Amino acid sequence: MTTQISKHDIQHMIAKRVAKELKGPLTVNLGIGIPTLVAAYMEDDSIYLHTENGLLGVTDVEEPDVDPNLVNAGKLPVGEAVGASFFNSSDSFAMIRGGHVDVAILGALQVDETGVIANWAVPGKNIMGVGGAMDLLVGAKKVIVTMSHTAKDGKSKLLKECTYPITSTRSVDLIVTELAVFEVTDGKLRLAELMPGASIEDVREKTEAEFIEQ
Amino acid sequence: MTTQISKHDIQHMIAKRVAKELKGPLTVNLGIGIPTLVAAYMEDDSIYLHTENGLLGVTDVEEPDVDPNLVNAGKLPVGEAVGASFFNSSDSFAMIRGGHVDVAILGALQVDETGVIANWAVPGKNIMGVGGAMDLLVGAKKVIVTMSHTAKDGKSKLLKECTYPITSTRSVDLIVTELAVFEVTDGKLRLAELMPGASIEDVREKTEAEFIEQ
Amino acid sequence: MAKQKHSAAEALAAVKSGDVILVGGFGLVGAPLTLIDELTRKDVNGLTIVSNNLGESGKGLGILLNQNKIKKGIGSYFTSNRDVGDKYQRGEIELELLPQGTLSESIRAGGAGLGGYYTTTGVGTDLAKGKEEREIDGVRYILEKAIRADVALIRAHKADTLGNLVYYKTARNFNPLMATAAKTVIAEVDEIVEPGELDPEAVITPHLYVDAIIKAQQVLTKEGVVSR
Amino acid sequence: MAKQKHSAAEALAAVKSGDVILVGGFGLVGAPLTLIDELTRKDVNGLTIVSNNLGESGKGLGILLNQNKIKKGIGSYFTSNRDVGDKYQRGEIELELLPQGTLSESIRAGGAGLGGYYTTTGVGTDLAKGKEEREIDGVRYILEKAIRADVALIRAHKADTLGNLVYYKTARNFNPLMATAAKTVIAEVDEIVEPGELDPEAVITPHLYVDAIIKAQQVLTKEGVVSR
């Protein structure tokens with residue numbers, strides 16, 4: 001149907017779409033992967049990036065200015081904005097868990113049809129890492145999920161029910177894939193938008209979860 | 001028996017005796033009243049005074065240097081030592097409640113014969129203030145109580161049982177009055193020392209609590 | 001943006017009757033005197049005030065008290081204002097007395113999204129009455145609940161225009177905690193500077209906590225409270 | 001006094017088999033690399049390590065892991081070291097996985113003398129299994145217990161000789177919390193200065209928390225970990 005586009009292009013298309021959602025002033029926490037790419041597309045000066053390892057005011061950094069002790073939650077080098085502040089991990093998570101971060105943008109392995117996500121563990125493997133995912137899910141005022149619409153095996157990642165362990169009982173607010181944008185309202189998915197090049201048939205075919213079409 | 005000495009002199013005698021107990025390095029919190037006077041008699045350079053309103057490194061201050069925004073827990077002007085630090089109230093009480101303050105020196109209205117004290121409320125009056133008393137009692141590694149041996153009506157303040165509401169179930173470690181020094185061990189008072197000019201008969205007569213005489 | 005407000009009245013626009021209000025300060029030190037003064041002029045009542053003390057007789061929060069605008073006080077040391085006891089005696093105010101460490105920890109817990117916590121402070125005393133007690137690893141604790149509010153009125157030393165705050169000496173006290181635990185946080189400061197002028201390592205209250213800033217007009221000096 | 005030690009070995013003198021040890025850092029950033037290195041040379045075992053992660057395969061705490069000195073790991077992200085999973089599979093290590101916010105909050109709670117606290121994080125998930133759940137004011141919380149330790153190994157930027165500490169950028173992370181929650185706190189720093197050289201308003205860890213200080217010899221640079 002659509003011409004094959006690269007994984008790189010898909011990721012950037014999703015990131016660009018998410019960036020459109022962000023109207024400042026906002027404090028935003030970006031997860032690892034696609035969410036990190038969102039920063040490059042944000043156009044509003046009054047969006048402040050929070051990273052849970054202890055910085056409000058994350059910026060990009062160019063190679064000559066890389067500081068090994070200034071990194072984001074993905075352990076990638078970052079810069080600090082004018083007006084930034086540093087704090088310890090419990091103060092950082094107090095911001096998250098206390099509801100002071102406006103938006104969290106996260107990746108997910110699965111989303112169910114009520115907007116509950118699984119993004120930290122796979123059954124049958126040892127449960128080895130959770131990081132700040134559960135904290136962000138309960139604490140952020142708004143949660144946006146970015147992910148590919150289907151898994152490597154072609155199966156939908158938008159399911160009737162998550163088969164992986166859930167991250168929180170809280171429903172996310174928005175889901176952006178390479179095919180569609182879904183809003184979650186009253187525990188139901190609603191197709192808000194088709195992504196460039198995607199058709200409603202694509203979305204129907206590749207979405208196991210029930211969703212409202214308009 | 002002893003010649004009448006002034007309240008001022010009594011207070012300073014008690015403060016001086018308490019100061020002898022303090023061998024640095026120590027972090028010490030001084031309560032309001034007689035405890036505040038202890039500072040003047042401390043001779044060890046490595047004693048650091050903590051005040052629960054947010055300063056480690058309290059010093060005396062002379063009138064020209066008084067800063068209205070630099071006070072101790074009694075709201076009296078103080079100075080700051082070289083190497084001092086400021087912190088907020090919850091960090092300050094985390095120090096106290098987390099067991100990081102070595103010694104608290106407090107006043108008391110009553111002490112019972114197990115070393116439990118009452119120092120924050122009087123029955124029949126409205127209960128209006130507690131401040132940091134209960135926090136210091138549970139948290140300080142060592143608690144030293146300073147008080148006059150008897151109340152204004154002449155009755156002993158060292159009682160079989162407190163008639164006022166207790167501050168904590170924890171026994172204090174040392175009690176210093178104008179007549180005697182008592183150590184508290186295994187929930188029993190032991191007379192450790194007579195104060196200058198006091199006789200054992202004085203102490204027996206004015207102490208309702210059971211105590212071990214040697 | 002535009003966190004900087006032109007007047008205390010503008011900054012207090014969101015305050016309404018029935019609100020729970022955190023007020024910083026340890027006595028007058030670190031108290032938001034300008035905002036308190038303005039609050040006494042505002043037509044609101046039924047307030048719950050969370051503050052270490054309720055001012056002094058006829059001063060600061062003491063004026064608000066005498067205006068009968070305070071329905072309930074939560075604090076650790078009401079003794080500093082004799083009017084509080086009189087009002088309590090007459091049944092005109094509800095009071096909740098907390099150990100000072102519990103007051104500060106509960107406000108922090110509110111800001112950090114916690115429901116409550118177990119502390120040893122107060123165990124076995126009159127202030128533990130009605131509170132759940134439990135043993136954890138052989139130690140007795142009581143459950144204290146988090147405190148959250150509609151509004152926080154705080155005092156800082158400097159703000160940048162983004163809302164980052166630093167404090168001054170022992171005027172810090174409850175203010176940084178209160179900045180985390182209210183829906184609307186209003187700070188009065190000595191000076192407002194440009195972003196970049198505060199050291200990122202030394203910012204105490206990051207700007208995401210702060211909604212409005214005004215310059216202090218009532219200031220504590222050696223000679224007492226002075227208008228400027 | 002004499003908090004300043006001449007060597008990492010001297011600083012670690014108090015560490016013994018069976019100890020619970022807090023280790024600062026988020027990956028290598030803010031990790032006390034010199035002290036970890038020395039710990040791998042020390043003849044101790046049966047350690048419980050509380051740290052966000054257990055190093056990388058064969059690096060930092062990863063060496064200690066491969067030496068079979070770690071009985072139990074408490075952290076939020078063991079994924080950074082594949083050896084942890086293998087050892088766990090073979091039943092050679094006990095693991096307790098906590099959300100990162102819970103890990104940091106529990107350490108703070110330990111330092112503050114609390115028994116535990118109620119958090120919404122993890123409610124309804126596999127990580128809530130076996131944990132007490134309760135509703136407070138209509139919200140579901142789980143009980144998390146405080147974490148306390150025998151020893152904390154932390155990384156700071158500067159210390160004064162009294163033991164006051166300041167940190168550097170995102171190398172701060174867990175270090176100031178860990179400084180509050182152990183009986184013995186050992187800090188490695190870039191620089192040791194005289195009292196009075198650190199701004200009292202900007203000290204992050206007041207000296208009462210710190211027992212020993214050494215100068216860092218293993219340092220994270222753009223080129224990786226370098227001995228100096």
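Below, read A as the first sequence line, B as the second, and so on, with proteins coming before strands; counting in each chain starts at 1. These figures come from a predicted structure and were not determined experimentally.
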Engineer: Answer with side chain, backbone, both or neither: which region of Ser92(A) has an atom nearer than 4.5 Å to a non-hydrogen atom of chain D?
Structural biologist: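 No part of it gets close to chain D.
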Engineer: With salt bridge (Lys or Arg N to Asp or Glu O under 4.0 Å) as the rule and sequence neighbours excluded, what pairs involving residues 57-85 of chain A come up?
Structural biologist: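 Those involving residues 57-85 of chain A are Glu63(A)-Lys222(D), Glu80(A)-Lys169(D).
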Engineer: Nearest 0.5 Å, please: how far is CG in Asn173(D) from CG in Asn88(A)?
Structural biologist: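 One finds 9.0 Å between CG of Asn88(A) and CG of Asn173(D).
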Engineer: Counting C-beta onward and ignoring hydrogens, is there a side-chain heavy-atom pair between Trp120(A) and Leu97(D) closer than 4.5 Å?
Structural biologist: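 They are in side-chain contact.
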Engineer: Surrounding CD of Glu213(A) (heavy atoms of other residues, nucleotides or ligands, distance under 6.0 Å), is the total greater than 12?
Structural biologist: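 It does: Glu213(A) CD has more than 12 such atoms within range.
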Engineer: Would you find more than 12 non-hydrogen atoms of other residues, nucleotides or ligands less than 6.0 Å from Arg82(D) atom CZ?
Structural biologist: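 Atom CZ in Arg82(D) is not packed in, count stays at 12 or less.
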Engineer: Pick whichever of Thr102(D), Ile107(D), Val84(D) has the most heavy-atom pairs under 4.5 Å with chain A.
Structural biologist: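 Most heavy-atom pairs within the cutoff with chain A belong to Thr102(D).
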Engineer: Output the option from Leu95(D), Asp126(D), Leu127(D) having the highest count of non-hydrogen pairs under 4.5 Å with chain A.
Structural biologist: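 Answer, by heavy-atom pair count under 4.5 Å with chain A: Leu127(D).
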Engineer: Side chains of Phe93(A) and Glu105(D): closer than 4.5 Å at any heavy-atom pair?
Structural biologist: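 Phe93(A) vs Glu105(D): side chains apart.
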Engineer: I'd like to know which of Thr120(D), Val123(D), Leu103(D), Ile204(D) tops the heavy-atom pair count under 4.5 Å against chain A.
Structural biologist: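 It is Thr120(D).
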Engineer: Side chain of Asp135(A), backbone of Gly101(D): donor and acceptor closer than 3.5 Å?
Structural biologist: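 A pair under 3.5 Å: yes.
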Engineer: Do Met128(A) and Tyr77(D) pass the side chain to side chain contact (heavy atoms under 4.5 Å, CB included) test, and can you show the C-alpha distance, the side-chain angles, and the key distance before you say yes or no?
Structural biologist: CA-CA 6 Å; Met128(A) 284 290 130; Tyr77(D) 203 73; over 6 Å; no
Engineer: What heavy-atom pair brings Met134(A) and Gly122(D) nearest, and what distance separates the two atoms?
Structural biologist: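 Here Met134(A) and Gly122(D) meet closest at SD-CA, 3.8 Å.
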Engineer: Do Ser89(A) and Leu177(D) come within less than 4.5 Å of each other through their side chains, counting heavy atoms only?
Structural biologist: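 Yes, their side chains come closer than 4.5 Å.
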Engineer: Relative to chain D, which segment of Ile96(A) carries a heavy atom at a distance below 4.5 Å: side chain, backbone, both, or neither?
Structural biologist: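 Answer is neither: Ile96(A) stays 4.5 Å or more from chain D.
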Engineer: Evaluate whether atom CD of Glu161(A) has more than 12 neighbouring non-hydrogen atoms of other residues, nucleotides or ligands under 6.0 angstrom away.
Structural biologist: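 No, the 6.0 Å shell around CD holds no more than 12 heavy atoms from other groups.
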Engineer: Between Asn52(D) and chain A, which part of the residue has a heavy atom less than 4.5 Å away: side chain, backbone, both or neither?
Structural biologist: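 Neither part, no heavy atoms under 4.5 Å.
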Engineer: Can you tell which part of Asn126(A) gets under 4.5 Å to a heavy atom of chain D, answering side chain, backbone, both or neither?
Structural biologist: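 The side chain, not the backbone.
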Engineer: Are any non-hydrogen side-chain atoms of Thr125(D) and Thr167(A) less than 4.5 angstrom apart?
Structural biologist: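 No - every pair of side-chain heavy atoms lies 4.5 Å or more apart.
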Engineer: Sub-3.5 Å donor-acceptor pair from the side chain of Thr170(D) to the main-chain atoms of Gly54(A), do we have one?
Structural biologist: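 It does not hold such a pair.
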Engineer: If you take all heavy atoms of Arg172(D) and Phe86(A), which pair is closest and at what distance?
Structural biologist: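 Between these two residues, the closest heavy atoms are NH1-O, 3.5 Å.
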Engineer: Sort out for me which of Asn175(D), Leu98(D), Thr119(D), Leu28(D) touches chain A most, counting heavy-atom pairs under 4.5 Å.
Structural biologist: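 Top count of heavy-atom pairs under 4.5 Å with chain A: Thr119(D).
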Engineer: Could you check whether atom NZ of Lys155(A) has more than 12 heavy atoms from other residues, nucleotides or ligands sitting under 6.0 Å from it?
Structural biologist: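 No, NZ of Lys155(A) has 12 or fewer neighbouring heavy atoms, counting only those of other groups under 6.0 Å.
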Engineer: Given that the side chain runs from C-beta out, which part of Ile127(A) has a heavy atom under 4.5 Å from chain D: side chain, backbone, both or neither?
Structural biologist: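 Both backbone and side chain.
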Engineer: Is it the side chain or the backbone of Ser168(A) that comes within 4.5 Å of chain D heavy atoms, both, or neither?
Structural biologist: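 Interface part for Ser168(A): backbone (N, CA, C, O).
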Engineer: Going from CD on Gln100(D) to OG on Ser90(A), what distance comes out if it is rounded to the nearest 0.5 angstrom?
Structural biologist: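 The distance works out to 11.5 Å.
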Engineer: Is it the backbone or the side chain of Tyr88(D) that comes under 4.5 Å from a heavy atom of chain A, or both, or neither?
Structural biologist: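 Just its side chain gets close to chain A.
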Engineer: Using non-hydrogen atoms only, which part of Pro176(D) is less than 4.5 Å away from chain A: side chain, backbone, both, or neither?
Structural biologist: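 The side chain, not the backbone.
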Engineer: What distance separates Phe26(D) CZ from Asn53(A) CG, expressed to the nearest 0.5 Å?
Structural biologist: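 It is 4.5 Å, given to the nearest 0.5 Å.
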Engineer: Quick check on Lys160(A): does its NZ atom have over 12 non-hydrogen neighbours (other residues, nucleotides or ligands) under 6.0 Å away?
Structural biologist: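 It does: Lys160(A) NZ has more than 12 such atoms within range.
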Engineer: Thr121(D) vs Arg97(A), test: side chain to side chain contact (heavy atoms under 4.5 Å, CB included). Steps then yes/no.
Structural biologist: CA-CA 8 Å; Thr121(D) 296; Arg97(A) 293 151 61 125; 3.6 Å; yes
Engineer: Assess whether atom NZ of Lys215(D) is packed by more than 12 heavy atoms of other residues, nucleotides or ligands within 6.0 Å.
Structural biologist: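 Not more than 12 within 6.0 Å, no.
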